[in-house]
Structures are given as C-alpha cells and as structure tokens.
Amino acid sequence: MSDQSNEEIIGEFVEAWSRLDADELASYFTEDGTYHNMPTGPVSGRSNVREMISEFTAPWTATQWDLLNIASTGDVVIAERLDRTQAGDKAVDLPCTGVFEMQDGKIFYWRDYFDIGTYVRAMS
C-alpha cells in the first residue's frame with residue numbers, strides 16, 4: 001500500500017498524460033482495471049487499457065491536462081480537468097470530469113465524462 005493519498009496519485013496520473021507514454025499511463029491501473037471513456041465502451045485489463053490509450057493518443061503531438069478541482073471520499077476520486085490537446089495543427093481545449101475508483105493505490109475503474117462533439121469538431 002502506498003503512502004500517497006488517492007488524490008495525489010490521480011494528480012500525478014493527470015500530469016503524466018503530458019508525456020504521452022501509454023506504458024506509463026497503463027501502469028497506474030490495477031491488472032484488471034477498467035477505463036470507460038464514456039462516449040465509447042469500457043475497456044478492461046491493463047494491457048487493453050494500454051492499447052486503447054496508445055490508439056486514442058496516436059495522432060496527438062502534445063497534451064497538457066489542467067487539474068481544476070479534485071475531491072475524494074474513501075477510494076473514490078473526482079477530478080475536473082481542462083484537457084488541452086494538440087494534434088499537428090489542430091487543437092482542442094476539452095472540459096472533462098473523471099471519476100476514479102481506487103484499489104490499493106491503483107486505478108480500478110475510471111469513468112471519463114466529456115462532450116465528444118467538442119473533440120470531434122476540433123480535430124476534424
């Protein structure tokens with residue numbers, strides 16, 4: 001068990017996105033963890049989460065996620081963000097809220113809520 005709080009772990013996870021390293025990002029999940037990007041279906045298992053992150057971020061040239069608010073109770077962390085992403089000459093500032101269920105210092109279930117239309121319009 002980590003000495004870090006769940007909020008600190010999620011803060012580091014949000015910051016880690018700027019490195020665009022799918023292996024690093026997947027390492028934050030439990031072996032059977034799930035990432036549910038709400039506009040799409042849930043993906044379970046660390047290796048599948050890694051693959052999804054890798055495919056989703058493939059066109060990205062840079063991203064910076066600003067953590068606006070974070071709150072937690074027990075093993076649940078809620079993080080409001082502004083995800084600023086660049087894909088070549090296209091850019092989007094995407095308001096998001098992530099709900100993270102933690103288990104022994106790792107993400108067991110992550111649900112991410114945002115308007116897919118905002119993202120699609122900016123990237124097309």
Response to the item:
With sequence neighbours left out, the residues meeting side-chain contact (heavy atoms from CB on, under 4.5 Å) with P95 are L82
Discussion item. Does any part of the side chain of Y109, heavy atoms only, come nearer than 4.5 Å to the side chain of P42, both counted from C-beta?
Written reply: yes
Fill in: All side chain to side chain donor-acceptor pair (under 3.5 Å) counterparts of D112, not counting sequence neighbours
R81, W110
Response to the item:
For T61 and G88, the nearest pair of non-hydrogen atoms, with its separation, is OG1-N, 3.1 Å
Using atom types as modelled, flag every donor-acceptor pair under 3.5 Å from a side chain in residues 117-124 to any protein atom, sequence neighbours excluded.
{"unit_1": "T118", "atom_1": "OG1", "unit_2": "D115", "atom_2": "OD2", "d": "2.7"}
{"unit_1": "Y119", "atom_1": "OH", "unit_2": "W60", "atom_2": "NE1", "d": "2.8"}
{"unit_1": "R121", "atom_1": "NH1", "unit_2": "G117", "atom_2": "O", "d": "3.4"}
{"unit_1": "S124", "atom_1": "OG", "unit_2": "V120", "atom_2": "O", "d": "2.5"}

Item to complete: List for me each residue that meets side chain to side chain donor-acceptor pair (under 3.5 Å) alongside E12, sequence neighbours excluded, and say none if there are none.
Response: Q4
Worksheet item: What ring pair (Phe, Tyr, Trp, His ring centres under 6.0 Å) pairs are there with at least one residue in residues 72-98, not counting sequence neighbours?
Response: none
Worksheet item: Pick from L20, D21, L25: which one makes a side chain to side chain contact (heavy atoms under 4.5 Å, CB included) with T57?
Response: L20
Practice prompt. Could you list the residues that satisfy salt bridge (Lys or Arg N to Asp or Glu O under 4.0 Å) with E101, not counting sequence neighbours?
Written response: R111
Only distances under 3.5 Å count here; give the side-chain donor-acceptor pairs of residues 49-56 to other protein atoms, sequence neighbours excluded, each with its distance to 0.1 Å.
{"unit_1": "R50", "atom_1": "NE", "unit_2": "D23", "atom_2": "OD1", "d": "2.5"}

Worksheet item: Can you list the residues that meet the salt bridge (Lys or Arg N to Asp or Glu O under 4.0 Å) rule with R46, with sequence neighbours excluded?
Response: E31
Worksheet item: Would you call V14 and D83 a side-chain contact if the rule is heavy atoms closer than 4.5 Å?
Response: no
Worksheet entry | Interatomic distance, W17 atom CH2 to E24 atom CD [nearest 0.5 angstrom] | 10.5 Å
Item to complete: Starting from I78, walk the hydrophobic network (Ile, Leu, Val, Met, Phe, Trp, Tyr; side-chain heavy atoms closer than 4.5 Å) and list everyone else you reach, by chain and number.
Response: M38, V76, V99, Y113
Response to the item:
Sorted by chain and residue number, the ring pair (Phe, Tyr, Trp, His ring centres under 6.0 Å) partners of Y28 (sequence neighbours excluded) come out as F13
Worksheet, complete the sentence: Applying side chain to side chain donor-acceptor pair (under 3.5 Å) to T40 and not counting sequence neighbours gives none
Discussion item. I'd like to know whether CD of Q86 has more than 12 heavy-atom contacts from other residues, nucleotides or ligands below 6.0 angstrom.
Written reply: yes
Quiz: residues 63-71 side-chain donor-acceptor pairs under 3.5 angstrom, not counting sequence neighbours:
{"unit_1": "T63", "atom_1": "OG1", "unit_2": "W65", "atom_2": "NE1", "d": "3.1"}
{"unit_1": "T63", "atom_1": "OG1", "unit_2": "R84", "atom_2": "O", "d": "3.2"}
{"unit_1": "T63", "atom_1": "OG1", "unit_2": "T85", "atom_2": "OG1", "d": "2.8"}
{"unit_1": "D66", "atom_1": "OD2", "unit_2": "R84", "atom_2": "NE", "d": "2.5"}
{"unit_1": "D66", "atom_1": "OD2", "unit_2": "R84", "atom_2": "NH2", "d": "3.3"}
{"unit_1": "N69", "atom_1": "ND2", "unit_2": "E80", "atom_2": "OE1", "d": "2.5"}

Worksheet item: Do F108 and D32 pass the side-chain contact (heavy atoms from CB on, under 4.5 Å) test, and can you show the C-alpha distance, the side-chain angles, and the key distance before you say yes or no?
Response: CA-CA 7 Å; F108 174 68; D32 59 346; 3.8 Å; yes
Item to complete: Would you name the heavy atoms of S5 and E8 that are closest together and state the gap between them?
Response: N-OE1, 2.8 Å
Worksheet item: What heavy-atom pair brings N6 and G74 nearest, and what distance separates the two atoms?
Response: ND2-O, 3.4 Å
Worksheet entry | Side chain proximity check, I116 to F114, heavy atoms < 4.5 angstrom | yes
